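Fair warning: this is a prediction, and the values are worked out from it, not measured in the lab.
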Amino acid sequence: MSAHYVIAIDGPAASGKGTLARRLARHLGFAYLDTGTLYRAVGKAVRDGGGNPEFESDAVFAAQNFAHSLKAEDLQNPALRTDEAGQDASKVAKYPQVREALLQFQKDFAASPPEGIAGVVMDGRDIGTVICPDADVKLFVTASTEVRSKRRYLELTAKGLKTSMEAVMADMTERDARDSGRDTAPLKPAEDAHILDTSMLDADAAFAAALAIVLKGLQRS
Ligand code: CDP
């Protein structure tokens, strides 16, 4: 048993899991890691090196290099937040050696929060199933494809990026299929995950529902 709490949050693109995870971490005073950013950064490293994220050798080379020299500021780059970066992330994320290269960093983060911090919140696709199978609380956050596409569209256009609802929905459907259909660590709820459907919930209501599940789970652990 670990001396600190681990909260695992998984779910498909734009389900609201990132906002929720960040807010839960802030509320509880826990450390937070958005693991999707790691895959986004690997996808970008492939592009920056002139490679193709669809090619396994390019993806694995970039992941292994990236994992060796990983710095927190690499994950802050706004260029990682575009839909293209999300697509590239999901292309590199299907390769087992890419996932393997990023595994230790995530396990270390889960195992060792900074001094004085009582827990960690991590969000992604495989946190409850692969990275932290013994997490104290597992949440699987989901929402309908229409709702998720609308959220992502608003998020992207608010940042000044030009796109259409149709393009966002097509991207999202393609990415969901790739993430759920891959052989290694596919997107799926852990057996002991609490499913939270946020289709009908705004950000505050989703946070209240998630916090109630988390507090109950932490009491039990
Ligand atoms: O924010 P959004 O949900 O759109 O995406 P993200 O969490 O940043 O993840 C981008 C991509 O990285 C996903 O589509 C997955 O293919 C991959 N990913 C993964 O395979 N495993 C994780 N733990 C996190 C992300």
Q: Output yes when a side-chain donor or acceptor of Arg125 lies under 3.5 Å from a complementary backbone atom of Leu187, and no otherwise.
A: no
Worksheet entry | Any donor-acceptor pair under 3.5 Å from His4 side chain to Ala110 backbone | yes
Is any side-chain heavy atom of [X] closer than 4.5 Å to a side-chain heavy atom of [Y]?
X	Y	answer
Met169	Lys150	no
Thr145	Thr173	yes
Arg178	Gln87	yes
Pro12	Asp179	no
Asp171	Val168	no
Leu218	Val214	yes
Val141	Thr198	yes

Practice prompt. Kindly assign one of parallel, tilted or perpendicular to the pair Tyr5 and Phe30, based on the angle between their ring planes and the thresholds 30° and 60°.
Written response: parallel
Applied to residues 41-51, the side-chain hydrogen bond (donor to acceptor under 3.5 Å, both in side chains) test, sequence neighbours excluded, yields Lys44-Asp48, Arg47-Asp88
CD1 (Ile9) and CG (Leu24) are apart, to the nearest 0.5 Å, by 5.0 Å
